[in-house]
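Structure record follows, encoded as structure tokens.
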Amino acid sequence: MNHLPSKTKLFCSLHKPISRKRAAEQNCLSLLQLCNSLPKLLQLQSHIFKLGLQNNPLVLTKFTSISSDLNAITYASSFIFSTYVEPHFFDVFLFNTIIRSYAVTSDLKHNALCLYGKMLSYGIWPNKFTYPFVLKACAGIGELKLGQIVHGSVVKLGFHDDSHVLNTMVHMYCSCGGGVEYGRKVFDEMPNWNSVGWSAMIGGYVRWGLSSEAVELFREMQVARVAPDEVTMVCLLSACTDLGALELGKWLEAYIERENVPKSAVLWNALIDMFAKCGDVDKALSLFRSMSQRNIVSWTSVIDGMAMHGRGAEAVSLFEEMKKDGVVPDDVSFIGLLTACSHSGLVEQGKGYFYSMTKEFGISPKIEHYGCMVDLLCRAGLVQEALDFVQRMPIKPNPVIWRTLITACRAHGELKLGEKITKELIKHEPTHDSNYVLLSNIYAKMFSWEKTTMIREVMVKKGMRKVPGSTMIELYNEIYEFVAGDKSHSDYKIIFQMVDDIGKEISRAGYIASTSEVLLDIDEEDKEGALNRHSEKLAIAFALMKTPPGTPIRIVKNLRVCEDCHSATKFISKTYKREILVRDRNRFHRFIDGVCSCKDFW
DNA sequence: CTAGGGTTAG
């Protein structure tokens, strides 16, 4: 009987402090849940100390995840490591939380890897949740070496059959190193494939510019009967954008509708971008209009699309509409806007926007924006002003800017100046092929053939070759690719004959071959003959043969369209009564009845 | 507590 009260006492004395601690813990956790700013987080930090919770794993983990939402993860982890001194308090869960926060923050991925190392040095074993974060961090900063070491640990610890880990592994290998081979190897050896792994691999191909391989892999995926999901669709739309494969893109859109693939903003944006870059910018615009939750990327994609099609005024009014809608422009959207002004000759407006960037929005222009301005002036023929601009700009001009200037010099007859700049550029960048091509093109325009030949010999001696021009065309669900002088096509003789016939036909309409851009292309052929073997002419001839009269022709070129092909295409559109849409390295040219939408302003 | 994705000068 006597024992009872003391037992109760004992019971209470043991549990009261614990439950008080629990209450404090709960209180702290709910305060953290409500925390939405850094000052509040700092207040909570002292609160945590007051309550003596600085060693409480639950509180610290919550603290970490909240600070990662507030982009204060560096701060949080330094706090944790300064308070949480006893290594035996650390657990894998806490590490995972911090590593995840670092892995998803663009400039802090390196810290995720440091923490992984620290974790190992404390003797804490990673679990299967740790590895996706660590591999993601490796992928983000291109750490192939470390990725391989991590791969080794994954195998050693027996996580090499976990699909989450393996899919991220594919992603890591596809994002680091020199290509997709390692990624493909992991992918091929994967025991259980799901759509995530397929998307990682398809996306890897797209990132390395191997879009045809990406499409090919998608066909295999269908054979393997793995249902593609939203992300797969986004990757494939990217591939279409790259290839200019409008028909395939339309097929994907139909698939998305048919299979009720959920349409997130990212998928919408991918669709908009695909339609814009594959030539159907009106479809892109109508998709954009029917979207409910547009974000900055949607606006930028559609503005960019308008710019590429030379519809600068519309791009500008979209930009104004965006601002009215309360969407704050970012640096990327300004690139689209300035390109629009540049490609449509809106010089004064472009200048205005360029200055408003800093004044109104506090965005400091990057080299790309300066590049847009140089291009804007150059296209308008204000070469001298462009040169002044370059000399006054606060960033060191890069080769891209010099090449813009050089091209303008050539186009506007400032040949001496162009020669001077190109020689300077070659001194700084002696291994870049296109600089030599530019110089030889300038000499060709000056009619100094000896110098042209000399440049060509230099290039041969240095083992350089001009990037071969190639043109793609999508006909009846097949993608055909032509390169200059291509004889790989089974019907090449008929195609060559067709090109010659076209040449005769348009000559009668007034076309005169301009031979000044031909010199570095092909060895054996005479100049005009070589021009007639340019890949876009082959592709157009092929299309004229294969499609019924009156159908529009759509082609995609890997380089800038040359002066001669541009002029020839104008004549072809008139003589053969075809609308011809050419996607260039830079923009679209829509040829209708002898006129190009670029107004010869390219 | 876990994986893959959209816009970027010429």
Side-chain angles (χ1 to χ4, degrees), chain A residues 61-62 64-65 91-101 103 126-136 139 159 162-172 174-175 183 187 194-204 206-207 228-238 241 264-274 276-277 295-305 307 330-339 342-343 365-376 378-379 398-408 434 438 559-560 584-587 602:
Chain A
T61 306
K62 189 76 193 170
T64 314
S65 73
D91 68 346
V92 60
F93 184 58
L94 179 62
F95 267 102
N96 284 355
T97 310
I98 311 178
I99 290 177
R100 179 188 54 182
S101 311
N127 61 13
K128 63 172 182 175
F129 300 111
T130 317
Y131 281 107
F133 303 139
V134 173
L135 289 167
K136 194 188 177 122
F159 297 127
D162 183 281
S163 69
H164 287 83
V165 175
L166 281 188
N167 289 331
T168 326
M169 187 91 72
V170 172
H171 173 67
M172 182 276 291
C174 288
S175 314
F187 176 78
N194 60 19
S195 67
V196 178
W198 284 92
S199 307
M201 197 60 229
I202 292 175
V206 176
R207 231 169 307 124
D229 63 13
E230 196 194 324
V231 181
T232 325
M233 286 297 138
V234 171
C235 297
L236 287 166
L237 284 168
S238 254
T241 307
S264 66
V266 176
L267 183 54
W268 274 104
N269 293 342
L271 273 166
I272 291 173
D273 191 49
M274 184 277 293
K277 294 214 172 71
N295 59 22
I296 184 79
V297 178
S298 334
W299 285 99
T300 307
S301 299
V302 76
I303 289 173
D304 225 44
D330 63 0
D331 55 334
V332 183
S333 63
F334 267 103
I335 294 176
L337 176 69
L338 293 175
T339 317
S342 159
H343 285 266
K366 294 198 294 199
I367 189 83
E368 289 94 337
H369 300 100
Y370 287 101
C372 288
M373 288 312 286
V374 174
D375 189 55
L376 175 86
C378 282
R379 274 173 205 277
N398 63 6
V400 177
I401 289 190
W402 291 123
R403 281 192 280 275
T404 307
L405 269 172
I406 294 164
T407 310
S434 69
L438 282 172
L559 303 174
R560 239 165 95 139
D584 193 75
R585 173 124 220 118
N586 302 340
R587 59 164 293 154
W602 90 101

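Letters A, B, ... are given to chains in the order of the sequence lines, protein chains preceding strands, and every chain is numbered from 1. This one's a predicted model, so the numbers in the text were calculated from it and none came from an experiment.
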Indicate, with a heavy-atom threshold strictly under 4.0 Å, whether A/T130 touches base, sugar-phosphate, or nothing. nothing
Checking contacts here: which listed nucleotide (B/dA3, B/dC1, B/dG10) is nearest the side-chain heavy atoms of A/V196? B/dA3
What is the nucleic acid contact for A/I367, judged by heavy atoms within less than 4.0 Å: base, sugar-phosphate only, or nothing? base
Can a side chain N or O of A/H171 be found less than 4.0 Å away from OP1 or OP2 on B/dG5? yes
Which word best sums up how the rings of A/Y131 and A/F159 line up, parallel for under 30°, tilted for 30 to 60°, or perpendicular for over 60°? tilted
Just checking A/S333: base, sugar-phosphate only, or nothing, at a heavy-atom cut-off of under 4.0 Å? nothing
Determine yes or no for a side-chain-to-main-chain donor-acceptor pair under 3.5 angstrom, with A/N167 supplying the side chain and A/V170 the backbone. no
Is A/T168 touching bases, backbone alone, or none of the nucleic acid, heavy atoms closer than 4.0 Å? sugar-phosphate
Just to be sure I understand the rule, does A/S342 reach a base, reach only the sugar-phosphate, or reach nothing, if contact means heavy atoms closer than 4.0 Å? nothing
The side chain to side chain donor-acceptor pair (under 3.5 Å) partners of A/R207 (sequence neighbours excluded) come to A/S175
Check the phosphate of B/dG5 against A/R207, side-chain N and O only, distance under 4.0 Å to OP1 or OP2. Yes or no? yes
Against the side chain of A/T404, the closest entry in B/dT8, B/dG10, B/dA3 is B/dG10
Touch check for A/K136, heavy atoms < 4.0 angstrom, all strands: base, sugar-phosphate only, or nothing? sugar-phosphate
Can you tell me the distance, in whole Å, between the CG atom of A/L271 and the P atom of B/dG5? 18 Å
Using the side-chain heavy atoms of A/V400, tell me which of these nucleotides is nearest: B/dT2, B/dG5, B/dG10. B/dG10
Rounded to whole Å, the CZ-P distance (A/F95 to B/dT2) equals 19 Å
Distance check needed: B/dT7 P versus A/L337 CG, whole Å only. 19 Å
Is the phosphate of B/dG10 approached by A/H343 (side-chain N or O, under 4.0 Å from OP1 or OP2)? yes
What integer distance in Å separates A/I98:CD1 from B/dC1:P? 17 Å
Under the side-chain contact (heavy atoms from CB on, under 4.5 Å) test, residues paired with A/Y370 that sit two or more places apart: A/F354, A/P365, A/F389, A/M393, A/P394, A/I395, A/I401
Just how far, in rounded Å, is C1' of B/dT8 from CZ of A/R587? 18 Å
To the nearest 0.5 Å, what is the distance between CZ on A/R403 and CG on A/L438? 7.0 Å
Please work out if A/F133 contacts a base, only the sugar-phosphate, or nothing of the nucleic acid, heavy-atom cut-off 4.0 Å. sugar-phosphate
Identify which nucleotide among B/dG5, B/dG4, B/dA3 has an atom closest to any side-chain atom of A/P132, counting heavy atoms from C-beta outward. B/dA3
Classify A/D330 by what it touches in the nucleic acid, base, sugar-phosphate, or nothing, heavy-atom distance under 4.0 Å. nothing
Which nucleotide in B/dT2, B/dC1, B/dG5 has an atom nearest any side-chain atom of A/N96: B/dC1
Need one value for A/D331: base, sugar-phosphate or nothing, where a base atom within 4.0 Å counts as base even if backbone is also close, heavy atoms only. nothing
Considering only heavy side-chain atoms of A/F93, the closest of B/dT8, B/dG10, B/dC1 is B/dC1
Holding to side chain to side chain donor-acceptor pair (under 3.5 Å), I want the full list of residues that pass it with A/S199, two or more places apart in sequence or in another chain. A/T232
Check every atom of B/dT8, B/dA9, B/dG5 against the side chain of A/V234 and return the nucleotide holding the closest atom. B/dG5
Choosing from B/dG10, B/dA9, B/dA3, which nucleotide comes nearest the side chain of A/S163? B/dA3
Go through the structure and list residues passing side chain to side chain donor-acceptor pair (under 3.5 Å) with A/N295, not counting sequence neighbours. A/N269, A/S298
Starting from C1' on B/dG5, measure out to CE on A/M274 and report it in whole angstrom. 15 Å
Proximal nucleotide (of B/dG5, B/dG10, B/dG4) relative to the A/E230 side chain: B/dG5
Picking from B/dA9, B/dG5, B/dC1, the nucleotide nearest the side-chain atoms of A/V266 would be B/dG5
Within the side chain of A/T241, is there an N or O that forms a donor-acceptor pair under 3.5 Å with the backbone of A/L237? yes
Residues from residues 298-305 of chain A sitting under 4.0 Å of DNA chain B, heavy atoms only? A/T300, A/S301, A/D304
Which residues pass the side chain to side chain donor-acceptor pair (under 3.5 Å) test with A/E368, sequence neighbours left out? none
Take atom CG of A/N398 and atom P of B/dT8, then tell me their distance rounded to the nearest Å. 18 Å
